2 protein chains.
Amino acid sequence: MNHRDRIRLLINRHARLDAALMRSAQLNAVQVVALEYLANANRFSRSPSHVADYLGTTRGTMSQTLKSLEAKGLVSEERLADDRRSIRYRLTEAGRAALRAANADRCADTGMNDADQAMLERLLARSLADRVARTGTKMFGICRECRHHELRQNGQRYCHLLNVVLAEEEAEQLCHEQVPA
Amino acid sequence: MNHRDRIRLLINRHARLDAALMRSAQLNAVQVVALEYLANANRFSRSPSHVADYLGTTRGTMSQTLKSLEAKGLVSEERLADDRRSIRYRLTEAGRAALRAANADRCADTGMNDADQAMLERLLARSLADRVARTGTKMFGICRECRHHELRQNGQRYCHLLNVVLAEEEAEQLCHEQVPA
DNA sequence: CTTTATAGTAGCGAGTCGATACTATTGCAA
DNA sequence: TTGCAATAGTATCGACTCGCTACTATAAAG
């Protein structure tokens with residue numbers, strides 16, 4: 001057992017215990033993480049394929065999960081005009097409420113001070129970035145920290161990959177095309 | 001989104017992506033973590049109930065998982081003489097091989113230096129300890145770091161809770177009764 | 001000796017999971 | 001323009017997890 005193995009074990013147990021805390025809610029772990037992703041992803045990154053990539057599963061599996069969330073009224077699907085094959089999911093108000101409830105269930109305070117939490121977040125993000133680089137998956141980081149993101153002098157934000165002007169709040173959202181700067 | 005929420009998201013995605021890496025093996029995530037637990041737990045902590053506690057699931061669910069592992073020949077069950085209700089699972093040689101293979105599949109190097117890995121492990125352990133304290137579950141730490149563990153002058157190790165002499169290698173094993181010193 | 005607690009299991013329904021095969025749409029190229 | 005390949009999503013399959021309830025067997029408490 002080296003550091004790497006123990007870290008993996010800790011991460012897996014953490015995730016399991018976290019999933020157990022959601023037993024009270026009407027949702028399971030994958031459903032909550034999918035909801036959380038959709039709540040934070042930008043308008044270019046909310047298709048079944050994107051959620052599947054984010055969680056390392058398949059389109060088929062995620063399609064089922066999203067359909068079950070839709071049946072519960074927590075997300076709604078929206079067909080795109082420019083590509084009629086694609087779907088863009090969006091949280092309903094009930095979905096946002098369910099997400100808030102699920103997060104509230106999972107105990108608020110960690111007992112760790114802010115500096116340690118920031119350090120833990122930073123190290124986890126680094127570890128995840130390493131894995132992403134090794135396995136050729138995508139990072140799904142926030143738009144603002146992307147290579148293609150430009151904050152112009154007039155305060156406008158622009159994506160050089162998709163060639164679109166971005167709304168201010170989109171700078172903090174997750175993007176499937178994100179490449180760390 | 002505060003630190004706590006982002007940490008939870010990172011941990012959950014890490015665990016998902018890790019599970020996806022085991023797709024090639026003949027095992028899924030829960031089965032691997034259960035095997036890993038049984039490989040590292042001491043002789044007092046290898047019942048279905050203990051594995052269930054460790055992973056925050058139920059006896060019934062874990063019973064099924066362990067039966068499926070037994071059907072694959074990766075673990076063997078052993079009835080206890082002193083309490084004929086109880087079962088103690090043990091990895092077979094095939095089980096140890098499967099565990100090694102699953103770990104090898106999950107990419108060796110992390111790209112992080114040793115100090116950062118140690119720090120990440122420490123912070124994850126702290127975070128887990130906090131959660132355990134809050135939710136009233138058990139820590140399952142290693143024997144050597146337990147309140148009931150004593151290293152005597154003659155080098156012998158003793159557990160004051162179970163009142164037994166411990167073998168040297170048991171000092172590093174996981175115990176369901178462990179309480180951090 | 002009865003009652004209660006504990007350890008494990010069987011069986012249920014919902015849901016994930018990976019895989020395959022399918023439809024519909026889009027894009028490319030001859 | 002037509003034809004073919006790539007893409008996005010889904011239906012369906014079998015295996016499995018998951019939480020739950022009900023059950024058996026054993027142990028402990030009174």
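What you see below is based on every heavy atom in this structure, not just the backbone, and it leaves out hydrogens, waters and symmetry mates. Fair warning: this is a prediction, and the values are worked out from it, not measured in the lab. Below, read A as the first sequence line, B as the second, and so on, with proteins coming before strands; counting in each chain starts at 1.
Distance CG (B:Leu27) to P (D:dA15): 16 Å, rounded to an integer number of Å. A straight line from CZ of A:Arg79 to C1' of C:dT23 spans 11 Å, rounded to a whole angstrom. One can place CD1 of A:Ile87 at 14 Å from P of C:dA24, the figure rounded to the nearest angstrom. In this structure, the CG atom of B:Leu66 is 13 Å from the C1' atom of C:dA7, given to the nearest Å. Atom NE2 of B:His176 is separated from atom C1' of C:dA7 by 13 Å (rounded to the nearest Å). Atom CE of A:Met22 and atom P of C:dG15 are 15 Å apart (whole Å). Separating the CG atom of A:Asn12 from the P atom of D:dT17 is a distance of 15 Å, rounded to the nearest angstrom. When rounded to the nearest whole Å, the span between NZ of A:Lys67 and P of D:dT12 equals 13 Å.
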>> Go through it in stages, so that I can follow the logic: the residues are B:Ser45 and B:Asn42, the test is side chain to side chain donor-acceptor pair (under 3.5 Å), and I'd like the CA-CA distance, side-chain angles, deciding distance and then a yes or no.
In response: CA-CA 6 Å; B:Ser45 312; B:Asn42 69 16; 2.7 Å; yes
> Passes side chain to side chain donor-acceptor pair (under 3.5 Å), B:Asp18 versus A:Asn12? Steps please.
Replying inline: CA-CA 8 Å; B:Asp18 190 51; A:Asn12 275 297; 3.1 Å; yes
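Remark: the B:Tyr158 side chain and the B:Glu150 side chain contain no N/O donor-acceptor pair separated by less than 3.5 Å.
For the pair B:Glu70 and B:Lys72, the salt-bridge criterion is not met [side-chain N within less than 4.0 Å of a carboxylate O].
Applying the side-chain contact (heavy atoms from CB on, under 4.5 Å) test to A:Glu93 and every residue at least two apart in sequence or in another chain returns A:Arg96, A:Arg100. Partners of B:Glu172 by salt bridge (Lys or Arg N to Asp or Glu O under 4.0 Å), not counting sequence neighbours, listed by chain and number: B:Arg144.
In the set C:dT16, C:dA7, D:dG9, the nucleotide with an atom closest to the side chain of A:Asn28 is C:dT16.
Remark: aromatic rings of B:His50 and B:His176 are close, center separation under 6.0 Å.
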> In the 5'-to-3' direction, what one-character label does each nucleotide of nucleotides 18-30 of chain D receive under the scheme B = base within less than 4.0 Å of a protein heavy atom, S = sugar-phosphate only, - = no such atom?
Replying inline: BBS----BBS---
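Within the structure, a side-chain polar atom (N or O) of B:Ser49 is placed less than 4.0 Å from OP1 or OP2 of C:dG8. Contact annotation: B:Ser47 side-chain N/O to C:dG8 OP1/OP2 distance is under 4.0 Å. Between A:Gln26 and C:dA14 there is no side-chain polar atom (N or O) within less than 4.0 angstrom of OP1 or OP2. An OP1 or OP2 oxygen of C:dA7 is reached within less than 4.0 angstrom by no side-chain nitrogen or oxygen of B:Ser63.
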